[in-house]
J.: 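Following this message is one structure expressed as structure tokens.
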Amino acid sequence: MNSKNIYLHIVLLLLVSNVHADSSDVTERLIRISSDSHRSGTLRTVLRIACDDEGDDIIKLESTVGRVMLEEPLVIPHDCVGTITLKGSFVKETILDASLIFAGSDVPGDTCALHVYSDNNTIQGITFVNNALGAGVCLFGRGNLVKQNKFGVLKNKTKEPNLYGVVVSDIFSADYPAMDATLNEIRQNTISHNTLHGIFIEAKDTQIRKNVIEHNGTCHNIEEPDDWIEGLLESDANRPVFIAPASSGSVGLKSNGKVTSKGKSNGGLSFNKPAKGASNSDKKTKSKKVFSKPLIKGAPADDTYDIKTQGGAGIFIASESANATVGGDLFNNDKNTIRYNCYAGVAVEEDELNSLNTITHNVITGNGTNNADLDLGVDGLTLNDFEDEDTGANNLLNFVDHTQVFPLVPAPDGMDRYWVWGISLGGDRLEFYKATGDVADRGISNGGAEDYIDDVAVVDSTVELEDADLAFGDIITSLSFDAEGNTSEFAQNVYVGRDTDLDGILDIFETGDGSFASRGTDPQNPDSDGDGLADGLEDKNRNGVFERDLGETCAYNNDTDGDGVLDLNEWHSGLMLSGIQVVSALGSDSDGDGLTDGEEDVNHNGIWDGYLGETSPLLIDSDGDGYNDAEDRCPMLDYYDQHFPRCDQ
């Protein structure tokens, strides 16, 4: 070796020595055996030792480990010294199997395969399966990272479900203020086929991005509607009973370091979370009891299916959570793929405090029915409120009110070009998406975000998307966002194609000539039946089909209810127009008094003109004398006898 090489070798040794010195507070520990005993070298023992020692620790499970049959929950306690990075093998799948865990009561949700009570730990590259009593991982501390794990399914796609995939909860924060579960991140995981929700959030400031979250819930197969709900869970399936953190250096430990089945210990506490406003004395009396609190409120008394208690959401954001971010600023970098979950892709529980949840730049499609890809309030589609003083889940932000796609002159390459225009009375910006082509088959009118198109600002309540990358037959939808990040439910799906008369209904859906006999609207006429109402107003969902149960009037019949009053004059059904009630266009006898609306509204203008002697189409007894209008010889006597002779004498 020449002198130059010797010099370089000495420099290299010094550099390595310095790196080791700077990193001396990080200890790497290897796990090579799959036993879950308390003897030396097992994951359980090494985890306990790592938490007791000074400094941060990296615990790696070697490829020889394979499947670990957990007999008790693993715990990273709240007073762990330093942080823990727990890594599975990327050579051979590392599986933590919880099928032998029977800690706590028989109530599902009782415990987790891994309880994380402290802060800034990392769980990476592990498969969590078969915890019928709870989640794969439960995060109670702050700033923890769960990434590149699998929950409920193996790499070979074999289904071995947990009850939940991941739970993030501030359930212990009343007694341990630092354990408020804020700023936890769930990233790049596969969370699939768990019995209840894929991710359950009951905390603030959770970040969820780049995950695949699918097939969670009690459905046999979301893609087979006939098998929509196969087998219901017990009605108390929502009541997790977590092992509480101990006041000493470990959680629920006996003197030998073993977690007890009921969470009782010599070195720790287990307790009930006191109610809000409880006195200190109340807290003390509960401090020795096993903690029990339903994660999802409102369990039904019977065995009927209920999303709040029996699951089915890819992500369930429970009440008082707030500030969750699902996705991120960039679709390609941050998107979650959330699909085929039983009830909903993302469900945000009804609560005035459960707001500022930003659900942005994701694929959310194929979830549930009843337009539940994204569900605010856990009650299906929430229609826009034009008064919009809303409170509740995400402030129940309005989605875009109207969207229309206009075909433009084809480009030189012959491809169609489209201009998207819309009206948004609420919100600050929109995200446009292409929806999956099966939304019509599944009866989904709002949502199904498959491919991201673009972000568009709302300017003076209008939205424009120029030269959009669209093709004939595409379906588009959108999400609305306010300045704080609250996210709406999905807007109405709009089909892309030619619309010759620009009435908002594509030519392919206008199959008639506007006459009742043709049973269809005219693609060349925006008001096919000539009643003064545009076809796009009468056919609300613009599918070319008259659907009375949706409140539509018939766009190819100018008098839908056949009472002699044109639909235009009856359009404001059941509302007040200048203080005068007007007639319904969907019922020939709106008040059910035996007289048609046309007989009562003599001049057929849709307004009760009492001064002309008309009776009210919305009052059975117009003059209030106790006689039905159809039987009263003078139905207007008591109100207007100054204009008409008394005919009842």
J.: Please report the closest heavy-atom contact between L356 and E484, naming both atoms and the distance.
T.: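 Looking at all heavy atoms of both residues, the closest pair is CD2-CB, 3.3 Å.
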J.: Is there side-chain contact between T511 and R519, with heavy atoms separated by less than 4.5 Å?
T.: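 A side-chain contact under 4.5 Å is absent here.
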J.: Any non-hydrogen side-chain atom of N336 less than 4.5 Å from a side-chain atom of V363?
T.: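 N336 vs V363: side chains apart.
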J.: Check whether the side chains of D535 and T521 place a donor and an acceptor atom closer than 3.5 Å, and report yes or no.
T.: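 Per modelled atom types, D535 and T521 side chains form no pair under 3.5 Å.
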J.: Do the side chain of N149 and the main chain of K147 share a donor and acceptor less than 3.5 angstrom apart?
T.: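 Present.
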J.: Distance alone, cut at 3.5 Å: any donor-acceptor contact between the side chains of D401 and N384?
T.: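 A donor-acceptor contact under 3.5 Å links the two side chains.
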J.: Check this for me: D507, atom CG, are more than 12 non-hydrogen atoms of other residues, nucleotides or ligands nearer than 6.0 Å?
T.: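 Atom CG in D507 is crowded, with more than 12 foreign heavy atoms closer than 6.0 Å.
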J.: Is it the case that T436 and T365 place a side-chain donor and acceptor less than 3.5 Å from each other?
T.: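 Per modelled atom types, T436 and T365 side chains form a pair under 3.5 Å.
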J.: Establish, yes or no, whether a centroid distance under 6.0 Å links the rings of F331 and H361.
T.: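 When the ring centroids of F331 and H361 are compared, they turn out to be at least 6.0 Å apart.
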J.: With a 4.0 Å cut-off on N to O distance, would you call K204 and D180 a salt bridge?
T.: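 Result for this pair is no, no salt bridge flagged.
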J.: Work out which heavy atom in T403 is nearest to a heavy atom in V494; give both atom names and the distance.
T.: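 The answer is O-CG2, 3.7 Å.
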J.: Verify, without hydrogens or angle tests, whether N525 (side chain) and D522 (backbone) share a donor-acceptor contact under 3.5 angstrom.
T.: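 No, because the side chain of N525 does not come within donor-acceptor range (under 3.5 Å) of the backbone of D522.
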J.: In chain order, what residues pass the side-chain contact (heavy atoms from CB on, under 4.5 Å) check against A491, with sequence neighbours excluded?
T.: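 With sequence neighbours excluded, A491 shows a side-chain contact (heavy atoms from CB on, under 4.5 Å) to F399, V400, T477, S478, given in chain and number order.
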J.: Strictly distance-based, threshold 3.5 Å: is any side-chain N or O of D170 a donor or acceptor partner for the main-chain N or O of A203?
T.: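 No, because the side chain of D170 does not come within donor-acceptor range (under 3.5 Å) of the backbone of A203.
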J.: Working to the nearest 0.5 angstrom, can you tell me the gap between S488 OG and L374 CG?
T.: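 Here the rounded value is 7.5 Å.
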J.: Determine yes or no for a side-chain-to-main-chain donor-acceptor pair under 3.5 angstrom, with N493 supplying the side chain and I475 the backbone.
T.: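 Side chain of N493 to backbone of I475, a donor-acceptor pair under 3.5 Å: no, none is there.
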J.: Once ring-ring contact (aromatic ring centres under 6.0 Å, His included) is applied, what residue pairs with a partner in residues 478-506 remain, sequence neighbours excluded?
T.: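 Checked against ring-ring contact (aromatic ring centres under 6.0 Å, His included) - neighbours excluded - the pairs reaching residues 478-506 are Y495-F509.
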J.: Got a sec, which residues hit side-chain contact (heavy atoms from CB on, under 4.5 Å) with L183, two or more places apart in sequence or on another chain?
T.: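 Per chain and number, L183 pairs via side-chain contact (heavy atoms from CB on, under 4.5 Å) with D205.
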J.: With sequence neighbours left out, what residues match D351 under side-chain contact (heavy atoms from CB on, under 4.5 Å)?
T.: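 Here the qualifying residues are S319, E320, L353, N354.
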J.: Identify which one of I199, V137, I123, L145 satisfies the side chain to side chain contact (heavy atoms under 4.5 Å, CB included) criterion when paired with I186.
T.: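 Looking at I199, V137, I123, L145, the match for I186 under the side chain to side chain contact (heavy atoms under 4.5 Å, CB included) is I199.
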J.: Please tabulate, one pair per line, all N/O donor-acceptor pairs under 3.5 Å involving side-chain atoms of residues 420-428, not counting sequence neighbours.
T.:
| unit_1 | atom_1 | unit_2 | atom_2 | d |
| --- | --- | --- | --- | --- |
| S424 | OG | G426 | O | 2.5 |

J.: So, N189 side chain and R187 main chain: donor-acceptor pair closer than 3.5 Å or not?
T.: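 Present.
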J.: Considering residues, nucleotides and ligands other than D469, do more than 12 of their heavy atoms fall under 6.0 Å from its CG?
T.: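 No, not enclosed.
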J.: Does a donor on one side chain and an acceptor on the other come within less than 3.5 Å for E431 and T360?
T.: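 Checked: E431/T360 side chains pair up, N/O donor to acceptor below 3.5 Å.
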J.: Under a plain distance cut-off of 3.5 Å, with no hydrogens placed, do N194 and N162 share a side-chain donor-acceptor pair?
T.: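 Side chains of N162 and N194: pair found under 3.5 Å.
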J.: For the pair D513 and S518, evaluate side chain to side chain donor-acceptor pair (under 3.5 Å) and give the outcome as yes or no after the intermediate values.
T.: CA-CA 6 Å; D513 59 13; S518 72; 2.9 Å; yes
J.: Begin with the C-alpha distance, continue with both residues' side-chain angles, and end with the deciding distance and a verdict on side chain to side chain donor-acceptor pair (under 3.5 Å) for N557 and D529.
T.: CA-CA 6 Å; N557 182 1; D529 56 10; over 6 Å; no
J.: Tell me, which pairs form a salt bridge (Lys or Arg N to Asp or Glu O under 4.0 Å) where one or both residues lie in residues 445-464, sequence neighbours left out?
T.: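 Only R429-D455 qualify under salt bridge (Lys or Arg N to Asp or Glu O under 4.0 Å).
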J.: Assign the ring pair Y556 / F516 to parallel, tilted or perpendicular, where the plane angle (0 to 90°) is split at 30° and 60°.
T.: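 The arrangement is tilted - the two ring planes meet at 30° to 60°.
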J.: When you measure from the side chain of H197 to the backbone of A313, do you find a donor-acceptor pair of N or O atoms at a distance under 3.5 Å?
T.: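 Yes, because the side chain of H197 sits within donor-acceptor range (under 3.5 Å) of the backbone of A313.
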J.: If you measure only the distance, is there a donor-acceptor pair under 3.5 Å linking the side chains of D375 and Y343?
T.: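 A pair is found: one side chain offers a donor N or O, the other an acceptor, under 3.5 Å apart.
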